[in-house]
Amino acid sequence: MEFNPQQLVFYLFALLTIGSAVIVVTIKNIVYAAFALMVTLFSVAGLYVFLQADFLAATQVIVYVGGILVLILFGVMMTSGSLDLKLKLERGQLFWGGIVSLILFGLLLSVITNTPQWENVDAGASQEPTTRKIGEMLMQQEYLLPFEIASILLLVAMIGAALISRKEVRDE
Amino acid sequence: MPLGLQFENLHQFFVQSSESWAQRFVQDHAPVLTHLPAPLGELVIMLACCVIFVAVVPLLPLGLVLAERKVSAHIQDRVGPMRVGPHGILQTLADGVKLIFKEDHIPREGDKFLFVASPYIIFACSFAVFAAIPFDKSILVSELNIGIFYIMAISSVIVMGVIMAGWASNSKWSLLGAMRSAAQIVSYEIPLGLCILTVVMLVQSLNMQDIVTGQDGIANWLIFRTPFTFVAFFVFFISAIAEVNRTPFDLPEAESELVAGFHTEYSGMRFALFFIAEYANMFAVSAIAATLFLGGWHGIVPAEMLPQAGILGFVLKTITLGGLLGVAIKTLLLVFVMMWLRWTLPRLRVDQLMNLCWKYFIPISFFNILGVGIWGLIFPKDSMLSIIISIAVIILGLIFTFGVLGRSLSKGAEPPPSSAERRISATT
């Protein structure tokens, strides 16, 4: 097989993704787990770049690293005593978690094996930015309804969050 | 071929042109180098450009730190550092040497690994932003299709480094500073993103070079293109000041309350890394503001009205604020405004900070987006008419705003004598 520096980078990202994910699951310290998750999410963004999804990669970083992970850390640090918390695994969790992940693994495996052939997207052929395609699909074509439903869901969640935080103030 | 790994054309997919930025740069500025044999020549060019980039960008903070000290000194009627070098211009260099030789102190109770790692994360993210900022037609590290979105994504990771530093220090000042900083950056990212969105809606591209290309001549600068982008510029700039944690929004490192915020426990070169990153950030957000709203490398006068060739063309381009030096002048002006504000305004309270963001900036930004959308429907293409209308609306708005403000200010200037004053005048 011809050596390609980009393949090296790809395998590096793959290794980083899996390695840091293993750390997230196994480590006892919750803050370390959160920071290992940052590496995982970042390397997944790197894998998106290899799939020619530049917009998706940036979105992954901005939403998961810049948003959700910061909120996780906020929650951990605002809750007193949770910084020194040692994460323990209960036996039942291991069982059910194992079953769920096995099912998921089987599902992905079946998708991989049932795909008749892996197509290489010809990168040189499509020169138009991915954002155009995403915008057209979301606003004009088949994904308009799911998009609107998701936006309503977010609005409901936002109003709910505002309501909950306001109630606490009134109780004081 | 396992799993379809074919990456040859990957780079060309993300950047629209088939040539690399280095090739274009060399063709424009040093055509001699193109005669080198193909792989070697390209490597040499790429390396040279990288070295220039990596060497020049950290030098900016060196100058900016001195500038800040001089500006603050003159605002406070002092002279500032004068001893090292003529007029003190080598002061920062001396400070840098001092910081290198200081003890590298790591708190015993802190978390060693994260403590060491966090300055690198902040530093790397601050400098990765520069990769997508265009400084001239050909001076741009990577012409990404999603340029401005990439900048937002990378700069949002800085928060992680700040939290990491605050937590790993195992000090209450650091942790409090980090939490404040994170809350502030996450909040002000929203108006910042919405202001960028108004520009993107107008230009219909996320590519930084596309954003600049349309802004030829001052009438085409995006700030004057619609009244909404005019408002968006100011919201963007103020949010950017909050984003880089500077006074009046410097609660995360309020020295009267928190010692120095999230980098309280850092010393020596690690502290210097935070410092350099802070000034690099400041320069980066100013450069982004200049690119998005103030024409980028396009000057006041449209390019075709100026002679292009020779030194005369270069000088004229720079005088009309175009080209590499033009961008630098615009950016440094904005940086100067930031310094000016820092040494003029007092610090905001936490509730004022959050009120400003959530109750004023975010609604204003949403209104701007709606306005730009409607503007785009009325004027699908920019014409003389649309620009004249826009500038007229801006001027009327300014007159109205300053009229109202001026009247309320002049009313406030002569308050009725308070009871204390009356008592004093009664006793004398």
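Throughout, a chain's letter reflects where its sequence line sits, starting with A, and its residues are numbered from 1.
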Extract all donor-acceptor atom pairs below 3.5 Å that involve side chains of residues 18-26 of chain A and protein atoms in other chains or at least two apart in sequence.
unit_1 : atom_1 : unit_2 : atom_2 : d
S20(A) : OG     : L16(A) : O      : 2.7
S20(A) : OG     : T17(A) : O      : 3.3
S20(A) : OG     : T40(A) : N      : 3.3
S20(A) : OG     : T40(A) : OG1    : 2.8
T26(A) : OG1    : V22(A) : O      : 2.8

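- Listed here is the closest heavy atom pair of S156(B) and V61(A): OG-O, 4.2 Å.
- Considering only heavy-atom pairs separated by less than 4.5 Å from chain A, the leading option among Q204(B), E189(B), M164(B), M152(B) is M164(B).
- Distance check, rounded to the nearest 0.5 Å: OG of S155(B) to CD1 of I62(A) gives 7.0 Å.
- Looking only at heavy-atom pairs under 4.5 Å with chain A, the residue among L206(B), L114(B), I154(B), I185(B) that has the most is L114(B).
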(request) List the steps, then state whether side chain to side chain contact (heavy atoms under 4.5 Å, CB included) holds for F42(A) with V157(B). (result) CA-CA 10 Å; F42(A) 234 116; V157(B) 181; 3.7 Å; yes
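- Counted within 6.0 Å of CZ on F274(B), heavy atoms from surrounding residues, nucleotides or ligands total more than 12; the atom is thus considered enclosed.
- Around CZ of F367(B), the count of heavy atoms belonging to other residues, nucleotides or ligands within 6.0 Å does not exceed 12.
- Both the backbone and the side chain of I163(B) have a heavy atom closer than 4.5 Å to some heavy atom of chain A.
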(message) Walk me through whether T59(A) and F149(B) qualify under side chain to side chain contact (heavy atoms under 4.5 Å, CB included).
(response) CA-CA 8 Å; T59(A) 312; F149(B) 197 59; 3.4 Å; yes
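- For a residue to count as touching a neighbouring chain, one of its non-hydrogen atoms must lie under 4.5 Å from one of that chain's; by this rule I151(B) does not touch chain A.
- With a threshold of 4.5 angstrom between heavy atoms, A183(B) approaches chain A through its backbone and through its side chain.
- Ring geometry for F35(A) against W167(B) counts as tilted: the plane angle lies between 30° and 60°, on a 0 to 90° scale.
- The minimum heavy-atom distance linking A58(A) with A153(B) is given by the pair O-CB, 3.5 Å.
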